[in-house]
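Just below is one structure, and these are the notes that go with it.
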Amino acid sequence: MSLWEYANPVKFMALSGRVLPVVAWLAGICLVVGLIWGFFFTPDDYRQGSTVKIIYLHVPSALMAINAWMMMLVTSLIWIIRRHHVSVLAAKAAAPVGITMTLIALVTGAIWGEPMWGTWWAWDPRLTSFLILFLFYLGYMALWAAIEDNDTAADLTSILCLVGSVFAILSRYAVNFWNQGLLQGASLSLDKEENVADVFYIPLLVCIAGFVLLFLALVLLRTRTEIRARRTKALLARERMA
């Protein structure tokens, strides 16, 4: 069976209906276990104190903010190349989830930054690119809302998604592009020497798994809602014509 078969809304609805409950339950379990473990059963850091525990919200949400946009990029490219409606509806469904993750990352970053840097905000390269990414999410959602024709909205938002991908990449690698900046390096790396200590690392991985699964569950749910809404709109249009 080809992956493209699930571009058919009927097949997508059937598969997602079976997968969604499983993903939602796994997301809930991972989030409950990871957050309780991280916040209540890990020690304070010797330099950052209890503030270090913000990583269990900040790091997963920041990762998902960037990866949500990259997922939107892939599905938008599929729309541009192959004109599959399910793909662009998945991109549309992911945007509100992605902007929420971006907002969580910005707020938790400010909460962490105030005691560490002595300020709630600094024009750090990564923080700035994250703020611009947040504005691109807003623009993407506003463009969908402003255009009545679905295909025209899909075309224009897909182009916007291509442009915004530059800032998604900058948000991920800003500390590598610019030496100046207040943010620390990556908390997770293939190089074990750059990772946080295992006592923080393992619950952090569980939280990240929870955020990934939560994102997947919400996108599946919202995509199903978008498909139903489009079907309802088509049926109402037929009734008016009849």
Side-chain angles (χ1 to χ4, degrees), residues 7 57-110 113 121-178 180-183 185-188 208 211-212 214-223 225-227 229-230:
L57 288 174
H58 179 71
V59 172
S61 60
L63 285 174
M64 291 315 305
I66 298 167
N67 290 321
W69 192 275
M70 300 314 293
M71 172 261 176
M72 290 163 57
L73 170 64
V74 172
T75 50
S76 295
L77 286 173
I78 292 172
W79 164 254
I80 292 171
I81 296 169
R82 303 196 62 143
R83 312 303 283 186
H84 288 320
H85 285 89
V86 171
S87 65
V88 78
L89 290 179
K92 182 182 179 183
V97 185
I99 197 173
T100 303
M101 295 291 182
T102 309
L103 185 60
I104 293 171
L106 287 169
V107 171
T108 54
W121 180 262
W123 293 102
D124 178 90
R126 184 179 286 181
L127 288 177
T128 305
S129 57
F130 243 89
L131 178 60
I132 296 172
L133 180 62
F134 177 80
L135 296 176
F136 265 98
Y137 270 118
L138 280 179
Y140 181 93
M141 293 166 61
L143 196 55
W144 265 112
I147 301 173
E148 290 189 11
D149 182 73
N150 290 325
D151 287 355
T152 303
D155 289 336
L156 294 177
T157 53
S158 295
I159 293 169
L160 179 63
C161 196
L162 293 175
V163 177
S165 299
V166 174
F167 291 96
I169 294 170
L170 286 177
S171 298
R172 172 65 183 84
Y173 296 106
V175 290
N176 297 331
F177 296 151
W178 292 280
Q180 69 270 24
L182 299 175
L183 277 170
S187 298
L188 299 173
I208 290 173
F211 270 76
V212 171
L214 177 63
F215 171 76
L216 180 57
L218 291 174
V219 170
L220 287 174
L221 178 63
R222 288 185 52 79
T223 304
T225 303
E226 292 289 343
I227 291 172
R230 187 164 289 198

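It should be emphasised that the depicted structure is a prediction, and the values quoted were computed from it without experimental measurement. FYI, side chains are in, hydrogens and waters are out, and symmetry mates aren't considered; it's all heavy atoms of this structure.
Annotation: side chain of Ile147 is not in contact with side chain of Thr157 (no heavy-atom distance under 4.5 Å). Side-chain contact check for Trp79 versus Leu89: every heavy-atom pair is 4.5 Å or farther apart. A heavy-atom distance below 4.5 Å is not found between the side chains of Val88 and Thr75.
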Using a 3.5 Å cut-off and no angle test, enumerate the donor-acceptor pairs between side-chain atoms of residues 97-108 and protein atoms at least two apart in sequence or in another chain.
from	atom 1	to	atom 2	distance (Å)
Thr100	OG1	Pro96	O	2.8
Thr102	OG1	Gly98	O	2.8
Thr108	OG1	His58	ND1	3.0
Thr108	OG1	Ile104	O	2.6
Thr108	OG1	Ala105	O	3.2

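The distance from the OG atom of Ser158 to the NZ atom of Lys92 is 12.0 Å, given to the nearest 0.5 Å. Expressed to the nearest 0.5 Å, how far CE of Met141 lies from CZ of Phe136 amounts to 15.5 Å. Atom CE of Met70 sits about 11.0 Å away from atom OG of Ser76, to the nearest 0.5 Å. Taking CE of Met64 as the start and CG of Leu218 as the end, the distance is 10.0 Å to the nearest 0.5 Å. Of the inter-residue distances, the one linking Met72 atom CE with Ser87 atom OG reads 12.5 Å to the nearest 0.5 angstrom. Taking CG of Leu133 as the start and OG1 of Thr128 as the end, the distance is 12.5 Å to the nearest 0.5 Å.
Looking at every heavy atom in both residues, Ala90 comes nearest to Val219 through O-CG1, 4.1 Å.
Annotation: ring-ring contact (aromatic ring centres under 6.0 Å, His included) contacts of Phe215 (sequence neighbours excluded): none. Arg83 is linked by a salt bridge (charged side-chain N to carboxylate O under 4.0 Å, His left out) to Asp155, counting only residues two or more places apart in sequence or in another chain. Applying the ring-ring contact (aromatic ring centres under 6.0 Å, His included) criterion to Phe211, with sequence neighbours excluded, gives no partner residue. Residues passing the side-chain hydrogen bond (donor to acceptor under 3.5 Å, both in side chains) test with Tyr137: none are found, sequence neighbours excluded.
Thr152 contributes no side-chain N or O that, together with a main-chain N or O of Glu148, makes up a donor-acceptor pair within less than 3.5 Å.
The side chain to side chain donor-acceptor pair (under 3.5 Å) contacts involving residues 62-73 comprise Trp69-Ser165, where partners must be two or more places apart or lie in separate chains.
For the residue pair His85/Asn150, the side-chain donor-acceptor check at 3.5 Å is not satisfied.
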